[in-house]
Amino acid sequence: MEQNARNLRRETWIMLAMTLAVTLPLIGWDDLPQRDLACRYAPMAEALARGDWFYAFHPRIPPFTTLPAGALVWGFGISGDLACRLVSALFFAAGVFPLAQIYRRCVGNVAAAWGLVLAV
C-alpha cells in the first residue's frame, strides 16, 4: 500500500511536468487575447505593477489572478496579457496535486494515475 502511494506521488510530479509541457507552448499559440483578458485582467495586472491600486482591483473581480500576474509584470517586465496566461497555465498545472489526492481517496491508486492522465 505504501509503495503504491509513493508511486502515485512520483506519477503526480510526472503529470505536473506533462501538464506544463502541454500548456506552456499554448501560451504563445494565439496572439489575440480574449475580451475579458484584454479589457479587464491584463490592464489590472499592469496597473498593479505600476502601483496604481485604484485601477488594479475591481470590486467584482477577486484578486486571485491579479496579484500573481501583477507580480510577474513587475518582476519580469512582461506584458499583462502574457502574465495572465502564464498564471493561468501554472494554476492549471498545480491543480494536479489536489486532483491526485481526490482520485486516490475515491477510486484507488491505479485508477487515480489513469484519472490524472485523462485530466491532463
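All values reported here derive from a predicted model rather than from experimental measurement.
Here the side chains of T12 and L99 are not in contact, with every heavy-atom distance at 4.5 Å or above. Two residues are said to be in side-chain contact when any heavy atoms from C-beta on lie closer than 4.5 Å; W53 and L48 meet this criterion. A heavy-atom distance below 4.5 Å is found between the side chains of L67 and F57. A 4.5 Å side-chain heavy-atom check between T19 and V22 finds every atom pair outside the cut-off. W114 is not listed as a side-chain neighbour of Y103, based on a closest heavy-atom distance of 4.5 Å or more.
In this structure, W13 and F97 have perpendicular ring planes: the angle between them is above 60°, well past the 30° mark.
In this structure, the side chain of R104 does not engage the main chain of N109 through any donor-acceptor pair within 3.5 Å. A donor-acceptor pair under 3.5 Å is absent between the side-chain atoms of E11 and the main chain of A113, judged by distance alone.
I102 and M15 are members of different hydrophobic clusters when ILVMFWY side chains are connected at heavy-atom separations under 4.5 Å. Note on F92 and I14: separate hydrophobic clusters, where clusters join Ile, Leu, Val, Met, Phe, Trp and Tyr whose side-chain heavy atoms are under 4.5 Å apart, directly or indirectly. Hydrophobic clustering of Ile, Leu, Val, Met, Phe, Trp and Tyr side chains at less than 4.5 Å, counting indirect connections, unites L82 with F91.
Rounded to the nearest 0.5 Å, atoms OH (Y41) and CG (D81) are 13.5 Å apart. Here CH2 of W74 is found 15.5 Å from CZ of R50. Values are rounded to the nearest 0.5 Å. In this structure, the separation between OG1 on T66 and CZ on R40 is 9.5 Å, given to the nearest 0.5 Å. Interatomic distance, NE2 of H58 versus CE of M44, reported as 7.5 Å (0.5 Å rounding). To the nearest 0.5 Å, atoms CD1 (I78) and CD (E46) are separated by 10.0 Å.
Shown here are the side-chain contact (heavy atoms from CB on, under 4.5 Å) partners of A45, two or more places apart in sequence or in another chain: A69, V73, C84. Residues forming a side-chain contact (heavy atoms from CB on, under 4.5 Å) with S88 (at least two apart in sequence, or on another chain): none.
Across all their heavy atoms, P25 and L20 have their closest contact at CD-O, 4.0 Å.
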Query raised in the report: After noting the C-alpha distance and the side-chain angles of T23 and L90, does the key distance pass the side chain to side chain contact (heavy atoms under 4.5 Å, CB included) rule?
Result: CA-CA 9 Å; T23 57; L90 293 176; over 6 Å; no
